[in-house]
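Heads up: the structure comes next, in C-alpha cells.
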Amino acid sequence: MNTETTKCLIAGSGPAGYTAAIYASRAGLKPILYEGILPGGQLTTTTEVENFPGYPNGVTGTELMEDIRNQALRFGADIRVGTITEVDFSNRPFRITIDDENTIEAETVIIATGASAKYLGLPSEDKFKGQGVSACATCDGFFYRGKDVAVVGGGDTACEEASYLAGLCNKVYLIVRRDVLRASKAMQNRVQRMANIEIIWKHQTKEVLGDENGVTGALLVGKDGVEKTITIDGFFLAIGHQPNSDPFKKYVETDEAGYIITHGKSTRTNVPGVFAAGDVQDSHYRQGITSAATGCMAALDAESFIVDNPIQ
Ligand code: NDP
C-alpha cells in the first residue's frame with residue numbers, strides 16, 4: 001500500500017493552524033491539516049471575542065474559528081479529523097502517525113497544537129466554565145466591569161491578570177496557596193500597589209459557588225483548615241498552561257515547561273523543515289491574533305524551505 005504524501009502537514013486547528021493552512025494553500029502547498037482533540041482550539045472555550053481585528057462588533061470564539069477554517073477551505077486546504085500521536089523526524093520526508101493508525105509522509109510539518117490552560121479539577125469549576133469561570137482575563141475580563149472577581153495563582157500570569165482585572169473591576173481577590181508569590185518582583189510590586197487587589201494568602205479553592213445565572217462566589221479553605229466564602233461574579237484561573245508538545249519532544253527542542261523553541265525571528269525549530277506556531281511555542285503573548293500571525297509566518301517559512309530544499 002502506498003503511503004500518502006504531502007508537501008505540508010499542519011497539526012492543530014487554532015488560529016495558528018488555520019492561518020497556516022490559508023497561507024500554505026494559497027502558496028500551492030496543498031496542506032493537510034489535522035484538527036486534534038479540540039477543533040478550533042482554545043478560543044472555542046471562550047464566549048465573546050472582542051479584540052480580534054476585523055470584528056468591530058465582536059464575535060463568538062466558535063464563529064471566529066469557523067470563519068478562519070472556512071477561509072482555509074476556500075483555498076483548498078484538506079482539513080481532517082484526527083490527532084497526531086507519533087512522529088519520526090529523523091529523515092525527510094517526515095513520517096507522522098495519526099490516531100495511532102494511519103501514517104502520512106510530509107516534506108514539512110507545522111506544529112500548531114496550542115496549549116491547554118490548567119484547571120483545578122473541581123466539578124463545580126467545570127459546571128460554570130463560560131458562565132463566570134474563565135482561564136483568560138484578557139478575553140473575558142471586560143464582561144466583569146465594576147464587579148468583584150477572583151484570580152487563582154501566584155505566578156506572573158496570575159499577577160498580570162489580577163492587575164488587568166483591577167483596572168476594570170471593583171475588587172479583585174488573588175487566591176494564593178502559599179505565603180509567597182512565585183511572580184517576578186516587578187509583577188509583585190505592581191499587584192501590591194493596586195488598592196483594589198486583596199491577596200488571600202495560604203488558601204485553596206474548595207468549591208466554585210453559583211446558580212442558574214452563573215458564578216456567585218467561592219468557598220475557600222485556609223492552610224489551617226478554616227473555611228471562608230467570598231462573593232464574586234467571575235472566577236479566573238491562572239495556574240499555568242500546558243503546551244501540547246508531547247508527541248514531538250523526541251525530536252524537537254522545548255524549554256523546561258515544554259514550549260517548543262523557535263529560532264530568531266522565525267518559526268524554525270531545531271529540526272530543518274519542522275516549524276512551530278501559536279501557543280505551543282509562545283508562553284508570553286498567547287493571543288488569538290499573535291497566534292494567527294505566527295501561523296502565517298510558519299507557512300511562509302515552510303514554503304521557502306521547500307523551494308530551497310527539494311526532495312529528489
Ligand atoms: P507559573 O507556573 O509560573 O505559576 C503558576 C502559579 O499557580 C504558581 O503560583 C502556583 O503556585 C499556582 N498553582 C499551580 N497549581 C495550583 C493549584 N492547583 N492551586 C492553586 N495554585 C496553583 O505559571 P504562569 O502562567 O504564571 O507563568 C508561566 C511562565 O510565563 C513563567 O515563566 C512566567 O514568568 C512567564 N510569564 C511572564 C510574564 C511576564 O513577564 N510579563 C507574564 C506571564 C507569564 P506555587 O507557587 O505554590 O507553585
Side-chain angles (χ1 to χ4, degrees), residues 42 45-46 51 113-129 133-141 149-167 172-194 197-209 215 217-230 232 234-246 253-262 276 278-291 294:
Q42 282 187 78
T45 67
T46 66
N51 52 9
T113 43
S116 309
K118 292 185 192 160
Y119 285 85
L120 297 171
L122 303 170
S124 54
E125 170 195 57
D126 204 38
K127 184 173 165 195
F128 293 111
K129 259 186 209 166
V133 171
S134 165
C136 180
T138 1
C139 316
D140 298 328
V149 299
V151 176
V152 182
D156 279 322
T157 303
C159 290
E160 197 164 63
E161 305 233 319
S163 329
Y164 176 79
L165 290 167
V172 180
Y173 296 101
L174 183 60
I175 305 166
V176 180
R177 67 177 171 185
R178 291 189 292 152
D179 58 355
V180 286
L181 291 169
R182 181 184 289 276
S184 59
K185 216 53 225 140
M187 214 49 112
Q188 293 190 25
N189 291 341
R190 199 203 282 186
V191 162
Q192 274 152 1
R193 268 201 311 268
M194 301 191 87
I197 298 180
E198 178 183 333
I199 303 183
I200 304 181
W201 301 103
K202 295 197 276 184
H203 275 73
Q204 302 250 42
T205 308
K206 197 168 170 189
E207 217 62 73
V208 180
L209 309 172
V215 169
L219 176 63
L220 311 180
V221 57
K223 267 220 163 105
D224 53 8
V226 176
E227 294 184 352
K228 71 186 237 178
T229 301
I230 52 171
I232 46 168
F235 183 81
F236 289 86
L237 281 308
I239 59 172
H241 280 75
Q242 184 65 45
N244 302 318
S245 58
D246 281 356
E253 270 171 23
T254 64
D255 67 12
E256 276 176 11
Y259 288 94
I260 294 177
I261 296 169
T262 51
D279 285 9
V280 74
Q281 53 86 55
D282 173 20
S283 63
H284 186 67
Y285 296 105
R286 300 197 294 235
Q287 301 299 300
I289 190 65
T290 52
S291 180
T294 54

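From a predicted model like this one, the values you see are computed outputs, not experimental measurements. Residues take their numbers from the sequence shown, with the count starting at 1. As the structure lists them, so they are numbered: ligands from 1, and atoms in each ligand from 1.
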Evaluate the 4.0 Å heavy atom contact test for atom 32 (O) of ligand 1: does a protein atom fall under the cut-off? no
Under 4.0 Å, heavy atoms only, figure out whether ligand 1 is touched by the backbone of M187, its side chain, both or neither. side chain
Residue, atom and distance of the protein heavy atom nearest atom 11 (O) of ligand 1 read R177 NE, 3.2 Å
Which ligand 1 atoms are under 4.0 Å away from a heavy-atom of G154? 6 (C), 7 (O), 8 (C), 9 (O)
Atom OH of Y119 with >12 non-hydrogen neighbours under 6.0 angstrom: yes
Check each heavy atom of K118 against ligand 1 and say whether those closer than 4.0 Å belong to the side chain, the backbone, both or neither. neither
Candidate with minimal heavy-atom separation from atom 25 (O) of ligand 1, of T157, I239, L122: T157
If you take all heavy atoms of F235 and L120, which pair is closest and at what distance? CZ-CD1, 4.0 Å
Around atom 39 (C) of ligand 1, find the nearest protein heavy atom and jot down its residue, atom name and distance. H284 CE1, 3.8 Å
For ligand 1, the portion of L120 having any non-hydrogen atom under 4.0 Å away: side chain
Would R182 count as a polar contact of ligand 1, with the cut-off being nitrogen or oxygen pairs under 3.5 Å? yes
Nearest option to atom 34 (O) of ligand 1, as decided by whichever heavy atom of I175, D156, V152 sits closest: D156
Shortest protein heavy-atom distance from atom 47 (O) of ligand 1, along with the residue and atom involved: R178 NE, 2.7 Å
Residue and atom name of the nearest protein heavy atom (relative to atom 42 (C) of ligand 1), distance in Å to one decimal: E160 OE1, 3.4 Å
Enumerate the atoms of ligand 1 whose separation from the nearest heavy atom of Q204 is less than 4.0 angstrom. 19 (N), 20 (C)
Sub-4.0 Å atoms of ligand 1 with respect to non-hydrogen atoms of G155: 4 (O), 6 (C), 8 (C), 9 (O), 26 (O)
Would you say the side chains of D279 and S291 form a donor-acceptor pair under 3.5 Å? no
